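From a predicted model like this one, the values you see are computed outputs, not experimental measurements. Start at 1 and go down the list; that is how both ligands and their atoms are numbered.
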Amino acid sequence: MEKFVIQGGTPLMGEVSISGAKNAAVAILPATILAADVCVVENLPAISDVLVSLRILSALGARVRMLNKNCYEIDTTHIRCAAVPDDLSRQMRASYYFLGALLGRFGSAQVAMPGGCDLGPRPIDQHLKAFTALGASDSVEYGRIHVESDRLRGAHVFFDTVSVGATMNAMLSAVRAEGQTVLENVAKEPHIVDLANFLNMMGADVRGAGTDCIKIRGVKAMHGCTYSIIPDQIEAGSFMVAAAMTGGNVLIRNVIPKHLEPITAKLELAGATVEEFDDAVRVYRNGDLLPLKIKTMPHPGFPTDMQPLMTVLLTIARGTSIITEGIWENRFRYVDELVRMGANIQVDGQVAVIEGVPELLAAPLRASDLRAGAALVVAALSASGTSEIEEIAHIERGYENLVGKLQGLGANVRRISVPAPSMPQAL
Ligand code: EPZ
């Protein structure tokens, strides 16, 4: 069992470089299947969700070669199998992107019901709605989703809800369908645009990504390419919050400041200073933290994946903050951990009311999901005393070398292995 041990109270100082975007990488890797050719994908974050995606590609018959720890060459020429092994698909939510990509190339795909963070119900009805509109049938058998079509045909899809996953899955299948597909009420996150750019580099014809309506003209064949993934908006936001929370001064490099605007705007209202450069932001704070009202929304609204981090920041703001979760039904489970650190937070359904306290106190903590785990790390960095965080596998799904990056900023953080408790011989 691995843990983080964090002695808090040191302001973060220095520079940190942001890795490639997880939520772009986990869609772009399956997208390499759409051409029977070789793609080189650069700026891949070295995180476990990427490793699982590469293992799935390899299990399907792709030749996967590491060029360096953030760059892989993927040859999908000899893929013959369209069934993702169950044990791998259950390891992450994003395995559902193999449905769209395999359907696009082979007209058939089988993926076990995906795993991932438990944030409440995570239906995939909108993904299936898009596949059905394109002419595929779907069925669920023994926990596996099976989609199939003799011939995918372009269609008009109006999504009932704005979904990142359904938008990307529809794009993955529609690029190889016959004729034009129009996707309306789509998600507009930076990773949607990144996937569209990657698909276009492979010879697809995708227009409008980043707006409410995406138009795709299907192509008969696609080809390999070399592509570099955008920086991770949420990893950058996490370091921005950590700098503001600890009263530090951090230059966060390799970012696209435009992607950070929803986060920057709230941090400035909370009393932090954010200086923007071409591909970096500097975050620091001189005065007290101020309370905020935030509601999470699809991009360009405030991102739900930053919600736990902002809650942590506001635990020590001077006054009462209100955070409303607008995307997921169950994304406040980490609040109990913060309360054990001395935070004053009341949760009622989708709303958290946070009364600022002067400081957080160290405690033994447990990460319940990826962003909740990152938020606990930030809480521990600011708290007085030494905290230990368990269940860090959740955090390592989405943050490359978090301990090394924090140590580079002067934080007192260690990752330790503790032997699992052995069963007693007799009770
Ligand atoms: C993606 O999840 C991200 N994951 C999540 O990040 C992120 O929280 C979420 O988008 C919202 O930004 C990946 O990209 C791998 P959605 P996704 O489909 O695609 C409802 C992280 O921490 N919905 O946009 O699964 C759904 O219940 C992770 O990095 C349907 O009703 O999210 C939710 O309320 C956690 N039917 C809302 O839409 C569907 O078919 C948004 O979900 C699909 C979704």
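- For atom 37 (C) of ligand 1, the nearest non-hydrogen atom from the set I327, D49, D160 comes from I327.
- Pairs engaging residues 189-211 under the ring pair (Phe, Tyr, Trp, His ring centres under 6.0 Å) rule: F198-Y227 [sequence neighbours left out].
- Every residue was checked against the salt bridge (Lys or Arg N to Asp or Glu O under 4.0 Å) condition with E391, not counting sequence neighbours, and none meets it.
- The atoms of ligand 1 that sit less than 4.0 Å from any heavy atom of R371 are 21 (C), 22 (O), 29 (O).
- At a 4.0 Å heavy-atom cut-off, ligand 1 touches D125 through backbone and side chain alike.
- Atoms of ligand 1 found under 4.0 Å from any heavy atom of K22, numbered from 1 in the order shown, are 21 (C), 29 (O).
- Taking a cut-off of under 4.0 Å to the non-hydrogen atoms of N23, the atoms of ligand 1 that pass are 3 (C), 4 (N), 6 (O), 13 (C), 14 (O), 15 (C), 29 (O).
- A salt bridge is absent between R282 and E276: the closest approach of a Lys/Arg side-chain nitrogen to an acidic carboxylate oxygen does not fall below 4.0 angstrom.
- Between R253 and D279 there is no salt bridge, since no side-chain nitrogen of the basic residue lies less than 4.0 Å from a carboxylate oxygen of the acidic one.
- Side chain of S382 to main chain of T246: no donor-acceptor pair is present (N/O by atom type, distance under 3.5 Å, no hydrogens or angles).
- Ligand 1 is approached by R331 to a heavy-atom distance shorter than 4.0 Å.
- Within ligand 1, the atoms closer than 4.0 Å to a non-hydrogen atom of H127 are 40 (O), numbered from 1 in the order shown.
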Quick one, D49 with R397, criterion salt bridge (Lys or Arg N to Asp or Glu O under 4.0 Å). Give me CA distance, side-chain angles, the key distance, then yes/no. CA-CA 5 Å; D49 272 13; R397 282 189 36 230; 3.0 Å; yes

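- Close approach of ligand 1 to Q126 is summarised as follows: ligand atoms under 4.0 Å from at least one heavy atom of the residue are 36 (N), 39 (C), 40 (O).
- Counting only non-hydrogen atoms, the option in Y97, Y96, F159 that gets closest to atom 17 (P) of ligand 1 is Y96.
- Among G165, A130, P123, A21, the residue whose heavy atom lies nearest to atom 19 (O) of ligand 1 is G165.
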Please walk me through it: do R151 and E178 pass salt bridge (Lys or Arg N to Asp or Glu O under 4.0 Å)? CA-CA 8 Å; R151 193 169 154 209; E178 274 177 45; 2.7 Å; yes

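- Numbered from 1 in the order shown, with element, the atoms of ligand 1 that lie under 4.0 Å from a heavy atom of T304 read 8 (O), 11 (C), 12 (O).
- Considering each of V162, T296, D305, V26, the one bringing a non-hydrogen atom nearest atom 28 (C) of ligand 1 is D305.
- No donor-acceptor distance shorter than 3.5 angstrom exists from the side chain of R331 to the backbone of E325, with no hydrogens or angles considered.
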